[in-house]
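This structure is in structure tokens; I'll ask about it shortly.
These figures come from a predicted structure and were not determined experimentally.
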Amino acid sequence: MKEVEGYLASIVESSADAIMSIDLKGTITSWNKGAEDIFGYKAKEIVGKHYHVIVPKELRGETEELRAKVLKKGYVRNYETYRLHRDGRKIPVNLTISIIKDKDGKPIGTSGIFKDLSERKKLEQEIKETRDHFRNILNTIQEKICVIDRDYNIVSFNDAFARGLKKDKIAGEKCYKVFHNYSEEEFKKFCEVRCIVKKAFEAGKSTKSSHEHRLENGSVIYHESKALPFMNRGEEINQVVYIVDDVTERRRLEKEIERTKDFLDGIVKNAPVGIFTTDKNGVITSANPMHLKMMGEKRVEQALGLNVLELPTIKALGWDKLFRKALQGKPFELHNVKYTSIYGKTLYLTARCTPLKSENEVEGLLAVMEDVTQQAKLEKKIKEDRKKLKKYAEQLEYSNKLKDLFIDIMRHDLLNSVSIIKGISEFLVADKSSSTHEEIKVIHKNILKLEEMTESASKLAKIESMKKIEFEEQDLSAILKKSLQNFESLIKEKEMQVEYSAEGEYPAKVNPIIEAVFSNLISNAVKYSPKKSRIVVGIEDEGRDWRVMVKDYGEGISDEFKETIFERFKRVDKLGVKGTGLGLAIVKRLVELHEGKVWVEDNPEGGSIFYVILPKVLSS
């Protein structure tokens, strides 16, 4: 008995299958070498542990049902499922479980034999993928394909073949029934003699045919069919691969190509440029009427067959060398070549020659010549006009330099004289006892206005000549506050109230000269507002931009002046208002240099609102 037990133990231990036993509590009590190889656990690591250690969580319920079935029925055979490897991989297995009983016939556990199905599953998957791959390839082919056996039964087919048919009515059906709805008698009578499937079986080689079908609606379709014999391993032809290609569209395209060719031939024939082709030796094979006219020929027959290298006109132009190189594969293009025709007329020609290649070998030439006489004359005139424009630009640049010089002289010399008169007038104004005191006040007032106008004109001239200025990050709120401080005395003098709503920081890329914009707008708001009124200054966030607002409660600006006030020397006449008409022109130019925008709107409460848009970051 011990010898038998030892013999059985040896078989179990040497088995390539995993063999294990489990007690009624689910504890693993034995574990062979095959189990170690399949599941990765050594016997000493897993014996004594619950068998769930090798069961995926989602299958534990199923496994308990199997154990219950074994304890009730006594066994479960060839059950396919999954178990866990030590590294966490799921292993496909085929298992057979049997009940273990003691000598009294009482169940004490179960034993299981597990076959590793990994290789088999892998092969099955590869076979499935291969079949699917070939099936997908077959289904991507646009031609209708089916396989027919010797009894004319359709064995298999692709999706294109089944298009328009019921798939369940194809496999196993006679091909002549599917193709033509023939009975066997009709097939033998009308089709068997010319059937290429039959010929392929009999001849053992590919056969093909072309035919047309007229449909019930009167339209015609064209088919090309092929029958390819297929040999089995015994080199016997037992099947034919039948391919049907619907060439209706191809036939249509061939006719369309023919029509297009005729259309293009008509275009070439009537083209206003000379066109001709040659063979690989330079012999002219085609030429349109315009080419003949340029070359002095009158009929196509006079040009066809001549070698382009020998044409007198080509030689006279010195183009024969270029055409010789073109026949070696080097294209050329010439522009505005002067040429005197056989009629004594001077022309300017543009020529382009392209080698026509096949498999990198020159098969001929395509040459196009165009009469550009009128264009050449126009280009000559344009060239002359450019010279005149260049001279004018030089004169204009000189005038600008004179203008800048004049402005500098005017500002320097004029302000010197103004300063002297201003100083004397201030001295005289101080003497209120003079009988001409009021007249002197008028003189003093106009001297101040002349000084302001001179400064503004000089400033505007310099700003308008600016093309680019440097920018740095500054806080717009700080600049606004500084501008307001500059007008504190005038604001107090007019007993005005200022509302400021730009607390915090408003960083933007600006040039310090932007302060002149705010100062001008605030100055105007104070000047044009009545005493004891108010002005509102603020900044609003517009996403990528800041919007600066200066609001006054003065007389306002009518719509007809809203645009013109930003032009130089244009301002709204107001009694007692100081100004040169240059301030807002300076504002507009400075804002434009900052890639911004300035405009004015009506204040609903009376007065005007000036807005300035300044980008937070400049694009350039």
Side-chain angles (χ1 to χ4, degrees), residues 210 222 224 247-383:
S210 299
Y222 298 89
E224 286 185 357
V247 296
T248 306
E249 182 64 13
R250 192 183 77 191
R251 292 282 185 94
R252 186 190 69 78
L253 289 174
E254 286 173 351
K255 290 181 180 179
E256 186 65 31
I257 289 171
E258 189 65 29
R259 285 194 295 268
T260 302
K261 182 177 178 298
D262 293 341
F263 175 71
L264 292 176
D265 286 345
I267 292 176
V268 171
K269 183 178 179 180
N270 297 287
V273 295
I275 303 172
F276 70 92
T277 59
T278 77
D279 63 14
K280 62 182 179 181
N281 297 314
V283 175
I284 296 175
T285 55
S286 68
N288 74 337
M290 182 56 72
H291 165 73
L292 299 175
K293 182 179 178 182
M294 288 181 178
M295 295 296 103
E297 306 291 351
K298 294 182 180 179
R299 296 191 308 275
V300 174
E301 293 78 9
Q302 289 180 290
L304 298 183
L306 298 178
N307 195 304
V308 68
L309 303 176
E310 301 300 327
L311 292 177
T313 305
I314 298 298
K315 282 188 171 184
L317 288 167
W319 291 358
D320 51 326
K321 295 178 182 178
L322 294 173
F323 275 104
R324 199 179 302 278
K325 288 182 179 179
L327 288 169
Q328 297 173 0
K330 186 177 180 180
F332 68 84
E333 187 168 339
L334 301 168
H335 295 277
N336 297 349
V337 178
K338 191 175 181 180
Y339 160 65
T340 302
S341 71
I342 59 173
Y343 308 108
K345 187 177 180 181
T346 300
L347 304 174
Y348 287 86
L349 299 179
T350 289
R352 291 177 292 277
C353 181
T354 304
L356 303 175
K357 295 183 179 181
S358 175
E359 297 182 357
N360 215 29
E361 292 290 329
V362 176
E363 296 292 333
L365 301 176
L366 169 64
V368 179
M369 292 190 295
E370 184 179 1
D371 182 351
V372 293
T373 305
Q374 294 301 319
Q375 181 181 335
K377 289 179 179 178
L378 183 60
E379 288 177 354
K380 183 179 179 182
K381 187 175 186 308
I382 290 173
K383 191 174 181 180

Could you tabulate the donor-acceptor pairs under 3.5 Å formed by side-chain atoms of residues 320-328, not counting sequence neighbours?
none

- Item | Residues Arg259 and Glu256 bridged, charged N to O under 4.0 Å |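 Here Arg259 pairs with Glu256 in a salt bridge, since their nearest N and O are under 4.0 Å apart.
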- Query: For Glu333, which residues count as a side-chain hydrogen bond (donor to acceptor under 3.5 Å, both in side chains) partner, sequence neighbours excluded?
  - Reply: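 With sequence neighbours excluded, Glu333 shows a side-chain hydrogen bond (donor to acceptor under 3.5 Å, both in side chains) to His335, given in chain and number order.
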- Task: Only pairs at least two apart or in different chains count here, so list each side chain to side chain donor-acceptor pair (under 3.5 Å) that has a residue in residues 353-372.
- Result: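 Matches after skipping sequence neighbours: Asp371-Thr373.
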- Item | Heavy-atom closest pair, residues Leu365 and Pro355 |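 Smallest interatomic distance, heavy atoms only, reads CD2-CA, 3.8 Å.
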- Task: Just jot down the salt bridge (charged side-chain N to carboxylate O under 4.0 Å, His left out) partners of Lys255, sequence neighbours excluded, or say none.
- Result: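 If we apply the salt bridge (charged side-chain N to carboxylate O under 4.0 Å, His left out) test to Lys255, skipping adjacent residues, there are no hits.
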- Item | By side chain to side chain contact (heavy atoms under 4.5 Å, CB included) - contacts of Val368 (at least two apart) |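 In terms of side chain to side chain contact (heavy atoms under 4.5 Å, CB included), with neighbours along the sequence ignored, Val368 is linked to Val273, Ile275, Arg352.
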- Query: Does Thr285 have any side-chain hydrogen bond (donor to acceptor under 3.5 Å, both in side chains) partners at least two apart in sequence or in another chain, and if so, which?
  - Reply: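 So Thr285 forms a side-chain hydrogen bond (donor to acceptor under 3.5 Å, both in side chains) with Thr277.
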- For Glu249, salt bridge (charged side-chain N to carboxylate O under 4.0 Å, His left out) partners two or more places apart: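 So Glu249 forms a salt bridge (charged side-chain N to carboxylate O under 4.0 Å, His left out) with Arg252.
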- Partners of Glu224 by side-chain hydrogen bond (donor to acceptor under 3.5 Å, both in side chains), sequence neighbours excluded?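 Arg250.
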- Item | Spacing of Ile257 atom CD1 and Asp262 atom CG [to the nearest 0.5 Å] |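 Spacing of CD1 (Ile257) from CG (Asp262) equals 12.0 Å.
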- In Å, rounded to the nearest 0.5 Å, how long is the span from CD of Glu254 to OH of Tyr222?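 OH of Tyr222 is found 10.5 Å from CD of Glu254.
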- Atom pair CG/CZ of Leu306 and Phe276 - distance to nearest 0.5 Å: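 Leu306 atom CG to Phe276 atom CZ measures 11.0 Å (nearest 0.5 Å).
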- Task: Could you tell me which residues satisfy side-chain hydrogen bond (donor to acceptor under 3.5 Å, both in side chains) with Asn336, sequence neighbours excluded, listed by chain and number?
- Result: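 Partners of Asn336 under the side-chain hydrogen bond (donor to acceptor under 3.5 Å, both in side chains) test: Glu379.
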- Task: List for me each residue that meets salt bridge (charged side-chain N to carboxylate O under 4.0 Å, His left out) alongside Lys315, sequence neighbours excluded, and say none if there are none.
- Result: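 Scan of Lys315 (salt bridge (charged side-chain N to carboxylate O under 4.0 Å, His left out), adjacent residues dropped) gives Glu310.
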- Query: With Lys338, which residues qualify under side chain to side chain contact (heavy atoms under 4.5 Å, CB included), at least two apart?
  - Reply: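 So Lys338 forms a side chain to side chain contact (heavy atoms under 4.5 Å, CB included) with Thr346, Tyr348.
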- Query: Who are the salt bridge (charged side-chain N to carboxylate O under 4.0 Å, His left out) partners of Lys383, not counting sequence neighbours?
  - Reply: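 Residues passing salt bridge (charged side-chain N to carboxylate O under 4.0 Å, His left out) with Lys383: none at all.
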- Query: Hey, mind stepping through Thr278 and Val283 against side-chain contact (heavy atoms from CB on, under 4.5 Å) and telling me if it holds?
  - Reply: CA-CA 5 Å; Thr278 77; Val283 175; 5.8 Å; no
- Message: Nearest 0.5 angstrom please: Asn307 CG to Ile284 CD1, how far?
- Response: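 Separation between the atoms: 8.0 Å.
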